Amino acid sequence: MSGIIHISLPTHYHLLTHKSNTFFTTNPIQFLPFPNATTKNQNLPFLCFSANPSSSSSLSSSSQNQSPLVVVGSANADIYVEIDRLPKEGETISAKTGQTLAGGKGANQATCGAKLSYPTYFVGQVGEDAHGKLITDALQNGGVCLDHLNTIGSAPTGHAVVMLQSDGQNSIIIVGGANMSCWPGTLPDGDLEVVRNAGIVLLQREIPDSVNIQVAKAARSAGVPVIMDAGGMDLAIPQELLNFVDILSPNETELGNLTGMPTESFEEIKQAALKCHKLGVKQVLVKLGDKGSALFIEGEEPIQQPIIPAKTVIDTTGAGDTFTAAFAVALVEGKSKEEALKFAAAAASLCVQVKGAGPSMPDRKSVLDLLNYY
């Protein structure tokens, strides 16, 4: 499993001025087969147009009729260094290559949702620096709507050092930056309104719990399902937040940390999931790496999904984010839990075959083509 160290700057709160970032994307969104999208909240148009008038001169009718995926979370500049092995204590080693790419669990999941041709909003923060521009450009190019992305001048953009080993495994050091600092004490009404009009909301633990709590409460008040990826801070999840989470999605290591229970075997994972049920989370979606995934629904038998094998594993960074976002997209489109798990497995399989979290997110056609073989 990946080793993750979090370094967060002190959190200071002040009011931010909302800045609109409606944009044009160079790649028109295509809504390919995967029907039965949820349409309960249709009053929030998805304002992302194609820059090519010949292909899409107006707002897509498909996106108007779909309640968007709303991702509230982190955006990082991922500084990749490729190494043969991790350095020992006190040792200096040389990297084969170095590269900076857009990442962060929130931005990754938003990019994945948009590349899977589902209307997606991102709510988050970046700094007024080169890394912030890198992330903004990447999200725009991925088709994500950025009306609720704020740029702040009092903290740098979050960033991470990703130490990528030759076998595709990685270790990560995170600097929280704007992800953890300078959020307003009360989120703007506009941000909460987009949450209340979502088809589904995705959260992670790379932003303050206080922000996630506000978002989850707003979603619950409007009957919008909340999926929380447990990746990020290793601290216990506040009960106030768990009370408003519909699906908790950890990997087996995160599940063990959250519950204080062993998670080596499937039976141990099942017992840890049962503890999450007792904490009020009725559904626990556990990502099991090369063993696939399992969804534990209170009172029901677990639903297991094996991996869809990748031809070559290049980089596992972002695979969990891809899986969670793809599962959310399938779910909001009305697919069964079993179908959603399989769709997510296919997306994750394609993700690990490309270096970089954001760039590795697969498009919808590639996922559907892969599913034709399984």
Side-chain angles (χ1 to χ4, degrees), residues 36-41 44 66-73 105-106 109-110 112-113 118 120-121 123 187 191-207 209-232 236-251 254-255 258-259 269-270 272-287 293-303 305 320-321 323-341 343-344:
N36 304 323
T38 302
T39 57
K40 65 181 180 64
N41 291 317
L44 185 66
Q66 290 177 299
S67 298
L69 169 66
V70 174
V71 182
V72 183
K105 295 188 72 64
Q109 291 174 6
C112 182
Y118 197 85
T120 303
Y121 283 78
V123 181
L187 292 177
D191 291 350
L192 295 178
E193 185 63 17
V194 75
V195 167
R196 287 189 285 264
N197 284 282
I200 200 162
V201 169
L202 272 178
L203 302 175
Q204 321 83 36
R205 302 205 69 209
E206 291 183 343
I207 61 173
D209 286 330
S210 59
V211 176
N212 279 332
I213 289 170
Q214 291 183 63
V215 171
K217 283 183 175 179
R220 177 63 61 87
S221 72
V224 178
V226 173
I227 298 178
M228 179 158 201
D229 189 309
I237 300 177
Q239 186 60 51
E240 185 180 9
L241 178 54
L242 289 175
N243 291 341
F244 298 99
V245 171
D246 295 283
I247 303 175
L248 180 66
S249 182
N251 59 33
E254 292 159 353
L255 179 63
L258 290 170
T259 61
I269 290 169
K270 182 178 179 180
L274 288 174
K275 184 171 181 178
C276 292
H277 293 160
K278 293 178 181 177
L279 293 173
V281 181
K282 304 302 181 184
Q283 300 182 60
V284 183
L285 174 58
V286 186
K287 300 177 284 280
S293 61
L295 177 61
F296 299 88
I297 303 174
E298 189 174 41
E300 300 181 17
E301 287 297 311
I303 303 171
Q305 171 63 49
D321 297 331
F323 182 92
T324 305
F327 179 83
V329 166
L331 209 59
V332 76
E333 290 184 330
K335 293 302 177 182
S336 69
K337 299 292 198 308
E338 290 83 358
E339 290 172 312
L341 287 170
F343 186 74

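These numbers were taken from a predicted model, which means no experiment stands behind them. Residue numbers count from 1 along this sequence.
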- How far apart are the closest heavy atoms of L203 and A216, and which atoms are they? CD1-CB, 4.2 Å
- Message: Among residues at least two apart in sequence or on other chains, which ones pass side chain to side chain contact (heavy atoms under 4.5 Å, CB included) with A328?
- Response: L69, I200, L202, I227
- Query: Nearest heavy-atom pair of T259 and C276: which atoms, and what distance?
  - Reply: CG2-SG, 3.8 Å
- Query: Under a 4.5 Å cut-off applied to non-hydrogen side-chain atoms, are E333 and Y118 in contact?
  - Reply: yes
- Message: So which atom in V226 and which in A219 form the shortest heavy-atom distance, rounded to 0.1 Å?
- Response: CG2-CB, 3.5 Å
- Residues which pass side chain to side chain contact (heavy atoms under 4.5 Å, CB included) with Q305, listed by chain and number, not counting sequence neighbours: S293, L341, K342, A345
- Task: Find out whether T324 and C112 are in side-chain contact, i.e. whether some heavy atom of one side chain is under 4.5 Å from a heavy atom of the other.
- Result: no
- Item | Residue pair V195 / A218: nearest heavy atoms and the distance that separates them | CG1-CB, 4.2 Å
- Task: Identify the two heavy atoms, one from G73 and one from I207, that lie closest to each other, and give their separation to 0.1 Å.
- Result: C-CG2, 3.5 Å
- Which heavy-atom pair separates G113 from A325 by the least distance, and what is that distance? N-CB, 4.4 Å
- side chain to side chain contact (heavy atoms under 4.5 Å, CB included) against A230, all qualifying residues, sequence neighbours excluded: L248, P250, E254, L258
- Task: Under the side chain to side chain donor-acceptor pair (under 3.5 Å) rule, collect the residues that match up with Q239, sequence neighbours excluded.
- Result: N243
- Query: Quick one: side chain to side chain contact (heavy atoms under 4.5 Å, CB included) partners of S336, sequence neighbours excluded?
  - Reply: E338, E339
- Query: Quick one: CZ on F323 to CG on L285, what's the gap to the nearest 0.5 Å?
  - Reply: 5.0 Å
- Message: The criterion is salt bridge (Lys or Arg N to Asp or Glu O under 4.0 Å); which residues satisfy it with K275, sequence neighbours excluded?
- Response: none
- What residues form a side chain to side chain donor-acceptor pair (under 3.5 Å) with D246, not counting sequence neighbours? none
- Message: I'd like to know if the side chain of H277 reaches the main chain of G299, judged simply by a donor and an acceptor atom lying under 3.5 Å from each other, with no hydrogens or angles considered.
- Response: no
- Note on the structure: Sorted by chain and number, sequence neighbours left out, salt bridge (Lys or Arg N to Asp or Glu O under 4.0 Å) with E240 holds for K217
- Message: Using the side chain to side chain contact (heavy atoms under 4.5 Å, CB included) definition, which of the options L242, L279, N212 pairs with I237?
- Response: L242
- Message: Between K105 (side chain only) and R205 (backbone N and O only), is there a donor and an acceptor less than 3.5 Å apart?
- Response: no
- For E298, enumerate each residue passing the side chain to side chain donor-acceptor pair (under 3.5 Å) test, keeping only those at least two apart in sequence or located in another chain. K282
- Note on the structure: Output for pair (R196 CZ, D191 CG), nearest 0.5 Å, gives 10.5 Å
- Item | Qualifying residue for side chain to side chain contact (heavy atoms under 4.5 Å, CB included) with M228, from I247, V215, V245 | V245
- Message: For the NZ atom of K337 and the CD1 atom of I303, what is their distance to the nearest 0.5 Å?
- Response: 7.0 Å
